[in-house]
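Atoms within a ligand are numbered from 1 in the order they appear, just like the ligands themselves.
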Amino acid sequence: MAAVEDTRRNLDLDTALAEAERRYLDANPESVARHEAAKASMPGGNTRSILHYAPCPLTVVRGRGCRIQSLDGAEYIDFLGEYSAGLYGHSNPAIVAAMTAALDDGVVLGAPNLHEAKLAAELCARFPSLERVRFCNSGSEADLMALSLARAVTKRGKVLAFEEAYHGGFLIFGHGGSPLNVPFPMVMGRYNDIAATQAQIAAHGKDLAAVILEPMLGAGGCIPATPGFLEMLRRETARHGILLVFDEVITSRLSPGGLQAALGVIPDLTTLGKYLGGGSSFGAFGGRAEIMDRFDPARPDCLFHAGTFNNDVLTMAAGYAGLTEVLSPAALEALNARGDTLRAALQATFEGAGLAMTASGLGSILCIHFRPGPITRPSDLEGEDSRLKQLFHLAMLERGIYLSPRGMMALSLPMGDAEIDALLGAVAGFIEDHHPLLPTA
Ligand SMILES: Cc1ncc(COP(=O)(O)O)c(C=O)c1O
């Protein structure tokens, strides 16, 4: 309790943040030590940039259901949900059984196996745009393959993507982009800006191979595309012979057929990843047969798509078990309804406290912002004080809630009312402790 009283005395954000960091470091000495030791062999002790946060990331040693345990022995409710890949929670028994059986039959078989076509058929049955699908090892790879394919089949060079979008490690468009991006000639559009994007498509039409977008910006703040925006993109890409690519790596979980089914806008190509591998490393891209069949090895003009682990038996078995034994449409709809209820409860909490804060997202994917709503474009997030996000993150960790440093959450199937209530309680506690520091309505 003393720590909380200390915080309440702080009316200055920098001081509150410094105190929160100090308490965090004091509470997690084992994680700090492991992180420091890891620096000897990995740059900054890190091999996955998104998992780094100041002052030092927690080390997580195990997970069960929707809870994880840190190296320092503390338990957290896992609202990060591995950035949406953790939809099944940790070690779902049906998925563990399928992976164990696959392991018993041997891995690295070096041949087509019994699992891959079953998972492919299941995906094609679920997602309306998928007539054919191919597997790879990550969403990043799926996006790169989909765009490379679009450039090969259209014989055009340019790609239109959107500011603040994230399509994996080679196609990062947040915060001005990345020097590591693949050097495709890009046209950058503004998300949900119908008139400006339509003009760009008209201007670049004959050179554009693809328009790629997330039907809801994920890393860019959980901002859903408006139906009118998607309808315009579908109409205008068809008019100009451009392939429309939906990156549903995150949004595929927002309805049994992905957001494409929920919104009735069917792209030419779709990319998938995350939870669809049942918790194992996964990526997939697919779409219309006439496009995807360019990969048919029996064709004289076939395109070559490689990847030692494209049909990894563990991933294929885990993904198939997840879809057929765990993730019924009803289970997915219930999870998304839970997310909608949580989002409404968070928004009511912010409004009740007179705060200019917003819970954005759709269904089981949420993000908390220290900006007033409605948030319909990335520009609505400009001016947000990143120190508030950091303070919120540390305050949630202190209260046993594990979530992303940017305030993003992805619910998992094992979560029940107790976990949702715990999150709402933690947010209420944060507001009570720090109200004078927060933006008011
Ligand atoms: C929309 C979107 N596309 C692609 C990716 C990349 O997927 P992966 O991390 O599996 O490479 C991500 C990852 O977060 C994503 O959110």
Side-chain angles (χ1 to χ4, degrees), residues 46-53 79-88 123 127 129 133-150 159 161-175 177-178 180-182 184 186 191 210-225 230 244-254 258-260 267 269-287 307 309-310 312 314-315 318-319 322 360-367 378 403-410:
N46 176 273
T47 188
R48 185 175 164 204
S49 303
I50 191 81
L51 295 186
H52 181 78
Y53 51 82
F79 277 93
L80 180 75
E82 185 51 297
Y83 285 95
S84 84
L87 180 147
Y88 295 110
L123 293 175
F127 298 104
S129 67
V133 67
R134 279 182 87 97
F135 297 114
C136 50
N137 292 281
S138 67
S140 301
E141 211 184 322
D143 283 318
L144 198 50
M145 282 306 303
L147 294 184
S148 299
L149 172 64
V159 173
F162 293 91
E163 290 166 3
E164 303 307 322
Y166 180 72
H167 300 294
F170 318 106
L171 295 155
I172 301 175
F173 303 115
H175 311 293
S178 159
L180 301 182
N181 277 355
V182 66
F184 290 159
M186 301 298 302
Y191 200 77
V211 171
I212 184 169
L213 84 160
E214 306 160 78
M216 174 183 77
L217 277 182
C222 297
I223 304 175
L230 294 179
L244 181 61
V245 184
F246 276 8
D247 178 343
E248 291 233 52
V249 168
I250 285 185
T251 59
S252 62
R253 57 182 272 165
L254 296 178
L259 262 193
Q260 56 191 259
L269 294 171
T270 298
T271 61
L272 300 168
K274 305 280 191 190
Y275 72 98
L276 286 167
S280 226
S281 63
F282 178 79
F285 60 101
F309 289 102
N310 286 356
D312 172 51
L314 294 177
T315 299
S360 69
L362 285 174
S364 58
I365 304 285
L366 304 92
C367 192
L403 80 178
S404 99
R406 62 173 178 254
M408 183 177 162
M409 292 175 274

Q.
To the nearest 0.5 Å, what is the distance between CZ on F162 and CD1 on I212?
A. 10.5 Å
(Q) Just checking F184: does its CZ atom have more than 12 heavy atoms from other residues, nucleotides or ligands closer to it than 6.0 angstrom? (A) yes
Q: Below 4.0 Å from any atom of ligand 1, which residues have a heavy atom? Give them in chain and number order, please.
A: S138, G139, S140, D143, Y166, H167, G168, E214, D247, V249, I250, K274
Q: Return the set of residues passing side-chain hydrogen bond (donor to acceptor under 3.5 Å, both in side chains) with T270 (not counting sequence neighbours), or none when no residue passes.
A: S129, Q260
Q: For S84, check side-chain hydrogen bond (donor to acceptor under 3.5 Å, both in side chains) against everything at least two apart and list the hits.
A: none
Q: Only counting residues at least two apart or in another chain, list the ones meeting side-chain contact (heavy atoms from CB on, under 4.5 Å) with A318.
A: I95, M99
Q) Below 4.5 Å, heavy atoms only, C-beta onward: do S364 and R253 meet side chain to side chain? A) yes
